[in-house]
Every structure is written in C-alpha cells, then in structure tokens.
**Q** 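I'd like to ask some things about the structure below.
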Amino acid sequence: MGITQLPEECLSHIISFTTPRDACRSSLVCPLFRSASDSDVVWEKFLPSDYRDFLSQSVVFPSTTLNSMPKKLLYFHLCDNPIIVADGKMVNTQKSVSFPKTPF
C-alpha cells in the first residue's frame with residue numbers, strides 16, 4: 001500500500017505535524033497531497049492556540065469573516081498583518097505567534 005492510497009484525512013493529520021513550509025511543499029506532490037495540505041485541519045495546527053480570542057477582540061476582523069475564512073488564508077493573513085483589538089492596542093502576531101514567518 002502506497003502513501004497515496006491513504007485517505008485524505010490521514011494525510012492531512014500527518015502533514016499537520018510538519019511546518020507551514022513543508023505543508024506548502026507537500027502540496028506540490030500530487031492533487032491528493034494538495035487537497036490534504038490545504039485542509040483546515042493542517043492550518044489550524046499552525047495558528048496560535050488563542051487565535052480566536054485575539055481575533056474576537058479585533059476591530060477589523062468580524063467573527064463572520066473568521067468563521068468563513070480558510071485557515072491557510074488566515075495563517076498567511078496573520079503573518080503579514082498586525083491585529084488591532086478593541087482597546088486600541090495593536091497585536092503583532094509575529095511576536096505572539098510561536099512560529100516563524102515563511103515566505104511563499
């Protein structure tokens with residue numbers, strides 16, 4: 001049995017233990033890997049555990065956007081954009097997020 005015969009959910013789970021860079025690289029292997037690596041299961045693992053908390057305080061990030069945005073897009077958005085929370089403080093996600101920015 002080859003790795004491409006595994007269910008997509010299993011591949012997503014495996015890829016979630018890698019890095020954002022490796023997840024992007026694995027998406028180039030084949031269509032199955034692309035679909036698995038683009039999964040919200042993968043990208044939710046790369047987001048900080050409290051991302052919902054600080055985004056819920058954001059004045060520019062409505063909760064409807066948070067719930068509808070794919071986690072991969074959210075990850076890259078947070079890497080590139082600081083968040084302004086309700087009390088006017090700016091949260092620099094590069095300092096509060098525990099992973100390095102990966103350029104793609």
Side-chain angles (χ1 to χ4, degrees):
M1 177 175 181
I3 194 165
T4 57
Q5 293 175 318
L6 289 172
E8 182 180 320
E9 296 81 21
C10 290
L11 288 174
S12 292
H13 185 71
I14 293 166
I15 293 168
S16 74
F17 290 104
T18 67
T19 64
R21 181 183 300 256
D22 288 337
C24 288
R25 287 179 177 162
S26 69
S27 71
L28 302 174
V29 173
C30 66
L32 176 63
F33 272 62
R34 180 177 184 90
S35 182
S37 66
D38 284 348
S39 166
D40 278 352
V41 170
V42 172
W43 291 93
E44 182 122 29
K45 294 272 184 139
F46 300 145
L47 291 167
S49 58
D50 62 346
Y51 80 94
R52 290 185 186 276
D53 293 336
F54 70 77
L55 288 180
S56 68
Q57 298 175 39
S58 170
V59 295
V60 294
F61 229 107
S63 60
T64 54
T65 302
L66 173 63
N67 294 328
S68 64
M69 182 180 279
K71 300 302 183 255
K72 181 178 180 180
L73 183 61
L74 179 60
Y75 170 85
F76 286 110
H77 178 80
L78 292 176
C79 284
D80 294 332
N81 300 283
I83 300 295
I84 299 172
V85 291
D87 62 0
K89 291 182 184 175
M90 183 169 55
V91 177
N92 183 337
T93 57
Q94 288 303 301
K95 292 180 181 172
S96 62
V97 177
S98 61
F99 43 82
K101 182 177 176 183
T102 52
F104 294 99

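As the structure is a prediction and not an experimental result, all values here were calculated from the model.
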**Q** Does anything in residues 16-42 pair up under ring-ring contact (aromatic ring centres under 6.0 Å, His included), and if so which pairs, sequence neighbours excluded?
**A** His13-Phe17
**Q** Which pairs pass side chain to side chain donor-acceptor pair (under 3.5 Å) with one or both residues in residues 32-41, sequence neighbours excluded?
**A**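 Pairs touching residues 32-41 that pass the test: Glu8-Ser35, Asp38-Lys72.
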**Q** Quick check: is Tyr51 connected to Met69 through a chain of hydrophobic side chains (ILVMFWY, heavy atoms under 4.5 Å apart)?
**A** yes
**Q** Report the C-alpha distance between Phe76 and Trp43 in whole Å, list the side-chain angles of each, state the deciding distance to 0.1 Å, and finish with yes or no for side-chain contact (heavy atoms from CB on, under 4.5 Å).
**A** CA-CA 10 Å; Phe76 286 110; Trp43 291 93; 3.8 Å; yes
**Q** Heavy atoms only: give me the nearest Ala23-Val42 pair and the separation to one decimal.
**A**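 Of all heavy-atom pairs spanning Ala23 and Val42, the closest is CB-CG1, 4.1 Å.
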**Q** Is Ile15 reachable from Leu73 through a run of I, L, V, M, F, W or Y residues, each pair having side-chain heavy atoms under 4.5 Å apart?
**A**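 Yes, Leu73 connects to Ile15 through the hydrophobic network.
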**Q** Could you measure the distance from the CD atom of Glu9 to the OG atom of Ser12? Nearest 0.5 Å is fine.
**A** 7.0 Å
**Q** Is the shortest side-chain heavy-atom distance between Thr4 and Cys30 below 4.5 Å?
**A** yes
**Q** Is the backbone of Gly2 close enough, under 3.5 Å, to the side chain of Gln5 for a donor and an acceptor to pair up by distance?
**A**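 Checked: pair present.
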**Q** What's the shortest heavy-atom distance between Tyr75 and Pro20, and which atoms?
**A**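 Of all heavy-atom pairs spanning Tyr75 and Pro20, the closest is OH-CG, 3.3 Å.
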